[in-house]
**Student:** 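There's a structure below that I have some questions on.
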Amino acid sequence: MLQMVLQNSISGMAMGLLYGVIGIGVCLFWQTTGLINFAHISSAMLGAYFFYTFYVMWKLPMVISFILAIGLVALYGVFILRGVIYKQIMGRKGGRLEFIVATMMLNIFLLNLVVVLWGGVPYPFPNIFGSPMNPLRIGGIVVQYHSVWVLVFTGALVIGLNFFFKRTLTGKALRATAQNKDTASLMGIGVEKMTALSFALSTGITAIAGILLAPIYFVSVELGGGIIGIKGFASAVIGGLTNPFGALVGGLLIGLAENFSVFYISSSYRDVITFVLLVFFLIARPQGLFKKM
Amino acid sequence: MNILETKGLTKSFGGVTANSNLDICIKKGSVTGLIGPNGSGKTTFINVVSGVYPATSGKVIFDGKDITSLDKYKIARAGIARTFQTIRLFERLSVLETVLVARHASYGASIWDAVLSTSRLRAANAREEARAKELLEIVGLGKQHYDVLGNSLPYGYRRSLEIARALALEPSLLLLDEPAAGMNREEFNFLQEIIQNVKQQGITILLVEHTMELVEAVVDHCVVLNYGQKLTEGPFCDCESDPRVIEAYLGKEEAEC
Amino acid sequence: MQRRKIGFLIIALLIVLYPLVVSDSYKVYIMNRSLIHAIIAMGLVTQVGFAGQISLGHAAFYGIGAYTSSLTVLKLGFPIGLGFLAAILLCVLCSVFLSVPSFKLSGFFLSLTTIAFGHIVWVIIVNWQSLTNGALGVFGIPSLSLFGTRFNNTHYFYLLVVTIGLLYFFIRRITNSFIGRAFMAMRDDELAAECSGINTRYFKLLAFGISAGFAGLAGAFYAHLSGFISPESFRFAESTKFVGMAVTGGLRHLLGGIVGAPIVTFLPEMFRFPGWETYYMMAATFVILMIVVFMPDGLAPLLEKGFNKIFGERSTGKGGSSE
């Protein structure tokens, strides 16, 4: 019994952290723009496809493929998402509704683009995060190497982001911009640059999540069209939207709830638990669990 | 007779008390000025009375009825109309339509009247449009303005339109939140005229204002707030010379320097 | 005035002749599908464009409508007309669940709850196997018939055109009235509307109810037109497609839904040149993305302007041309 609980907790945590990383991207976007990007999850899909192309197809070294993939997605974030769509809509003072619809259409377009460029067939992801056939066994509990990697990456991300926001001038400037654009601008912070940076961070971090999700979902359009994106939104909302690390807690909550509901109820209702949590938080505690960072 | 009475009205946001234990009475037919330094809780008071914020404790009695926990639209229909500190018009509605929104309850027609375009609806349309035009007349907006978007009007006219929309509720109490802010001389004089005009129609007015010239010119009675509490009340000239009031205002100015 | 009448006559003639000229019955079927989607998009124009309440969960109502009509007809032996009615009523009832969160939430948060609603309904459809036959779907749904003649695609086409005409008339009367004004006031500034005596809860219920009813009707049409329904047709992607149709046509234009649905449906076909077999979907979605990003008012105002240019302006007031 205890063993099953532990087993479920560990698998749930790995998945939950990934939702949380997507949620961090959502939060970083929300902080500076006050908007939610409905094409958010396509960054994860693009990240996985780019990495696959560089590493498997072009046989570049892993680290370089990783950096290139994330960099390319961040560039897409800055130049297409911000440069074209955000600027166009905000430039004519368009509403949130327009941004929702535009990013939804962007997501559909990107899905079709991916099908054209890479074909619709899912690619199996190379076992760079360890083979699922050959997991770590601690006592009677199975721990996938992949889960360990997720923990390592998330930990590094949290430490890195924390350092960036608290210790570097740019990070502090970004936080100031998130709090109040006018004041930040008066203090000599380049608000334009900071917005661009937050787009890059939001999309880039989501790309990392995409690469880490690929061993589970394969390199497929499922990454950008399924409901993983909604789980990222849910993590961010539960965490409070203004606190990126809150999103990790939100993600963990969803991941655990999902795993236990599969275990105790039925796998067919796996996704419903996310939505129930989401709606519950939206209505009962719209400010989320955590305060502004 | 008092049209509005608040009893121990308190509103706090988290740890900050914006209105503390306010007992304010407003006489029917009067123009009451609500003054005080920035952040003294004037706008909060208007927001609590109009139902925008729920009161933390205390009561708001309007026309002898407790309206403390009523919905905003019910308070509006009961006869308390308001304007906003920063003008809030409808982005895509014309001037005439903006006023007609507040006439909604007077239509006395149902959705089926709308679908079937019954004679009842057509009569109501004609009646309400005529009334809306009357009200626009009062605030100085004429035929040439009917079909333009409310937000495309010059600043002073936008204020006027907001007042016309409030008057369209046929209120017995009108809450004006800093109507003169940002107005030029001409607009200011006209606003004064409008307020006098409204008062003559027997509508009670609560005026929150920083421009003392306007307060002095139109107000019968003054209530001074400071740090969310009632500092004093009485005729404007008494309040103006009250040393506590002067200190409240000067204290603020010193802090600003 | 006379020239405008000629214009309307030409459009009416084109519509009447369409299924006769297009001899390919499958094309008429696809057109019928797009007209069914147009009904949903019209509802969304009312709810999102006029009342400002976003919904990304309308596939749920579409599904509820389709399943209600086909199951009441198949299992309870309802006449099809009654099945349609049941579909509309159940959708309007369910819309209450969805509009309650809108009392408190707006914008993104509301859109997330509508997504959640859509997904939960979908999961229920898939898993309630004893009722819905799960992922396999419902077969053998009878087609509409009149005086013993089973409806073919051409009959459905005319029926749908007449239905859309009536629904257009319905929402036009509503949006041009004091009720539409309340919708728009609520959309533009909810607080100011409430302080002007507008009961926004009532109008949110009304807006959700109207568009849910439309989607339910559309679902019933779809079930009896195609004879087979499965959960696949009611996924989240469909909800986004419906909103996309409304926006492409023009979210704030009464004709937005009617214009948008056929365009979004047939746009991929237009890119099916030889040699473009792999690209046509991408090209079509790209065009729609560009319309959404660069033409926020959609295509309907453009078409209206074109119509006015050729056939003369209407003398009074605003509002669209009618079909």
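Only this structure's heavy atoms are used, side chains among them; waters, hydrogens and symmetry mates stay out. Labels below follow one simple rule: chain letters A, B, ... track the order of the sequence lines, proteins then strands, and each chain is numbered from 1.
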**Student:** Salt bridge (charged side-chain N to carboxylate O under 4.0 Å, His left out), that's the test. Do A/R82 and A/E192 meet it? Break it down for me.
**Tutor:** CA-CA 10 Å; A/R82 178 183 141 275; A/E192 275 283 300; 3.5 Å; yes
**Student:** Using heavy-atom distances under 4.5 Å, tell me whether A/I283 contacts chain C through its side chain, its backbone, both, or neither.
**Tutor:**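 Both backbone and side chain.
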**Student:** Evaluate the ring planes of A/Y123 and A/Y52, with Trp represented by its six-membered ring, and classify them as parallel (under 30°), tilted (30 to 60°) or perpendicular (over 60°).
**Tutor:**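 The rings of A/Y123 and A/Y52 lie parallel, inter-plane angle below 30°.
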**Student:** Would C/K204 and C/E190 count as a salt bridge (charged side-chain N to carboxylate O under 4.0 Å, His left out) here? Give the steps.
**Tutor:** CA-CA 11 Å; C/K204 283 173 181 176; C/E190 203 172 319; 2.8 Å; yes
**Student:** Using a 4.5 Å heavy-atom cutoff, which residues in residues 119-127 of chain C come close to chain A?
**Tutor:**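 Counting heavy atoms that sit under 4.5 Å from chain A, the residues of residues 119-127 of chain C involved are C/H119, C/I120, C/V123, C/N127.
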**Student:** Which atoms of C/V247 come close to chain A, meaning under 4.5 Å heavy atom to heavy atom: side chain ones, backbone ones, both, or neither?
**Tutor:** side chain
**Student:** Heavy atoms, side chains only, cut-off 4.5 Å: are A/H40 and A/V26 in contact?
**Tutor:** yes
**Student:** Can you check whether anything in residues 109-118 of chain A gets within less than 4.5 Å of chain C, heavy-atom wise, and list it by number?
**Tutor:**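 Expected list: A/F109, A/N112, A/L113, A/V116.
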**Student:** What residue, out of C/T285, C/T113, C/T240, has the most heavy-atom pairs lying under 4.5 Å from chain A?
**Tutor:** C/T285
**Student:** What part of C/L56 gets within 4.5 angstrom of chain A, counting heavy atoms only: side chain, backbone, both, or neither?
**Tutor:** side chain
**Student:** Measure C/L112 against the heavy atoms of chain A and call it side chain, backbone, both or neither at under 4.5 Å.
**Tutor:**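 Backbone plus side chain of C/L112, per the 4.5 Å heavy-atom cut-off to chain A.
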**Student:** Against chain C, label A/L282 side chain, backbone, both or neither, depending on which of its atoms sit under 4.5 Å from a heavy atom there.
**Tutor:** both
**Student:** Sort C/F117 into side chain, backbone, both or neither according to what part of it lies under 4.5 angstrom from a heavy atom of chain A.
**Tutor:**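 Answer is neither: C/F117 stays 4.5 Å or more from chain A.
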**Student:** Below 4.5 Å from any heavy atom of chain A, which atoms of C/I291 appear? Answer side chain, backbone, both or neither.
**Tutor:**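 Neither the backbone nor the side chain of C/I291 comes within 4.5 Å of chain A.
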**Student:** With a 4.5 angstrom heavy-atom cut-off, could you sort out which part of A/L97 is near chain C: side chain, backbone, both or neither?
**Tutor:** side chain
**Student:** Under a plain distance cut-off of 3.5 Å, with no hydrogens placed, do A/T32 and A/S198 share a side-chain donor-acceptor pair?
**Tutor:** yes
